[in-house]
Novice: 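Before we start, here is the structure in question, set down as structure tokens.
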2 protein chains.
Amino acid sequence: MDRTAVEGALVARGLRLTRQRRAVLAVVLDSSSQLSALQVYDSVRTVLPEVGLTTVYRTLALLEEIGAVRRVHGDEACESVVPAAAAHGHSVVCDTCGLVEEFTACDISPIAAAAASETGYAITDHFLQLTGTCAACISDAGEKAVG
Amino acid sequence: MDRTAVEGALVARGLRLTRQRRAVLAVVLDSSSQLSALQVYDSVRTVLPEVGLTTVYRTLALLEEIGAVRRVHGDEACESVVPAAAAHGHSVVCDTCGLVEEFTACDISPIAAAAASETGYAITDHFLQLTGTCAACISDAGEKAVG
DNA sequence: GTGCGTGCAAATTCTTTGCAATGCA
DNA sequence: TGCATTGCAAAGAATTTGCACGCAC
């Protein structure tokens with residue numbers, strides 16, 4: 001979801017486009033890593049120093065509600081958010097630099113079917129998150145090994 | 001991992017089997033739903049009233065470390081734990097009653113390959129969690145619909 | 001002008017830490 | 001007996017709430 005789409009979604013709900021919301025939105029959508037509420041707060045304050053932490057929390061909750069951001073699950077930082085580009089996408093987190101990308105080629109139907117037969121559940125939803133090493137970090141590691 | 005295996009893993013590390021650890025272990029392994037630290041605490045106190053919350057936190061961290069419990073990711077309760085039966089398994093959470101089961105038939109290699117080609121990452125790990133309706137709740141719903 | 005949204009500060013909740021006492025191996 | 005482990009209490013961190021003011025519409 002890009003900036004225009006998010007702003008459209010807010011307006012469509014009868015919500016207001018305030019400076020604070022624009023600033024939070026800009027920070028989150030520009031980020032290529034996962035951000036905690038406090039990190040978003042710090043970042044927003046560099047461009048809008050008078051913003052309140054409360055507003056950041058409320059705005060992040062709002063953005064999550066309309067599907068503009070997604071939460072990622074880490075060993076510790078479970079409440080961090082990443083921008084959500086696609087309506088249904090999953091995050092791939094780099095274990096070296098923290099870069100987060102999204103992939104959409106997600107067909108878990110064979111897995112859902114296997115899980116259904118193993119447990120008897122009717123599967124309705126899933127949460128999938130991959131961890132790995134991003135192209136840049138792979139390349140860095142290669143250069144270090146060579147040099 | 002059953003009780004014996006967990007206790008063996010603790011002993012193998014030179015750790016002690018205290019009353020508190022046994023009690024926490026019993027509560028967690030007996031549970032068929034996800035439990036937060038505070039829920040575990042409450043439950044343990046019914047059989048061991050003098051236990052401290054601190055001990056519950058420390059024991060849960062320990063159990064997670066040895067792979068006896070797994071964390072589940074929910075919209076809110078991100079720190080809840082479920083017993084981990086298999087070394088590599090995933091949780092299936094019932095959206096009606098909260099029952100959690102585990103399935104092991106997890107072959108995400110096609111998805112990992114697709115994600116790798118889409119993002120350029122070298123995938124090393126994954127976190128997958130399914131949501132659905134358990135057999136009992138499906139059956140209940142059917143009965144209600146009929147009755 | 002109306003009322004949603006904001007910022008402050010306080011309250012609340014969850015989790016961790018320091019330390020003396022306890023009890024398992 | 002020795003030392004890991006415990007429980008208390010206090011600290012710490014993160015998040016939420018109440019309320020008067022300001023600003024988007």
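What's counted below: heavy atoms across the whole structure, side chains too, no hydrogens, waters or symmetry copies. Quick note on labels: first sequence line is chain A, next is B, and so on, each numbered from 1. Note that the structure is predicted; figures quoted are calculated from it, not measured.
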Novice: Expressed as a whole number of angstroms, how long is the span from B:Leu17:CG to D:dT5:C1'?
Specialist: 12 Å
Novice: Send over the distance from A:Leu60 CG to D:dA14 P, rounded to a whole Å.
Specialist: 15 Å
Novice: On a plain distance test, is the side chain of A:Arg58 in donor-acceptor contact with the base of C:dG7 below 3.5 Å?
Specialist: yes
Novice: Would you call B:Glu7-B:Arg22 a salt bridge at under 4.0 Å N-O?
Specialist: yes
Novice: With sugar-phosphate meaning primed atoms plus P, OP1 and OP2, does A:Arg21 contact a base, only sugar-phosphate, or nothing at under 4.0 Å between heavy atoms?
Specialist: sugar-phosphate
Novice: Check the phosphate of D:dG7 against B:Thr55, side-chain N and O only, distance under 4.0 Å to OP1 or OP2. Yes or no?
Specialist: yes
Novice: Where the side chain of B:Leu15 is concerned, which of D:dA4, C:dT17, C:dA25 is the nearest nucleotide?
Specialist: D:dA4
Novice: To the nearest Å, how far apart are A:Leu48 CG and D:dG22 C1'?
Specialist: 14 Å
Novice: So, is A:Thr18 near the phosphate of C:dG5, with a side-chain N or O under 4.0 Å from OP1 or OP2?
Specialist: no
Novice: Between B:Leu38 and A:Val51, who's closer to the 5' end of DNA chain C by nearest nucleotide?
Specialist: A:Val51
Novice: Rounded to the nearest angstrom, tell me the gap between atom CG in B:Leu10 and atom P in D:dA4.
Specialist: 15 Å
Novice: Round to a whole Å and report the spacing from CZ of A:Arg19 to C1' of D:dC25.
Specialist: 15 Å
Novice: For C:dG7, take OP1 and OP2 only and decide whether either is under 4.0 Å from a side-chain N or O of A:Gln20.
Specialist: yes
Novice: Has the side chain of B:Thr119 got a donor or acceptor atom that lies under 3.5 Å from a matching backbone atom of B:Ala115?
Specialist: yes
Novice: In whole angstroms, how far is the C1' atom of C:dT13 from the OH atom of B:Tyr41?
Specialist: 15 Å
Novice: Can a side-chain donor-acceptor contact be found between A:Glu118 and B:Thr104 if the only test is distance below 3.5 angstrom?
Specialist: yes
Novice: So, under a plain 3.5 Å distance rule, would you say the side chain of A:Arg16 forms a donor-acceptor pair with the base of D:dC25?
Specialist: no
Novice: Base, sugar-phosphate or nothing for A:Leu53? Non-hydrogen atoms, less than 4.0 Å.
Specialist: base
Novice: Can B:Arg71 and B:Glu64 be counted as an ion pair, charged N to O under 4.0 angstrom?
Specialist: yes
Novice: Of B:Thr54 and B:Gly14, whose closest DNA chain D nucleotide lies nearer the 5' terminus?
Specialist: B:Gly14
Novice: To the nearest angstrom, how far is B:Arg13 atom CZ from C:dA25 atom P?
Specialist: 17 Å
Novice: My understanding is that only one of B:His126, B:Glu101, B:Gln129 makes a side-chain hydrogen bond (donor to acceptor under 3.5 Å, both in side chains) with B:His90; could you say which?
Specialist: B:His126
Novice: If you pin B:Thr59 and A:Tyr57 to their nearest nucleotides in DNA chain D, which one's is more 5'?
Specialist: B:Thr59
Novice: If I take atom CZ in residue B:Arg45 and atom P in nucleotide D:dT6, what distance separates them, rounded to the nearest angstrom?
Specialist: 15 Å
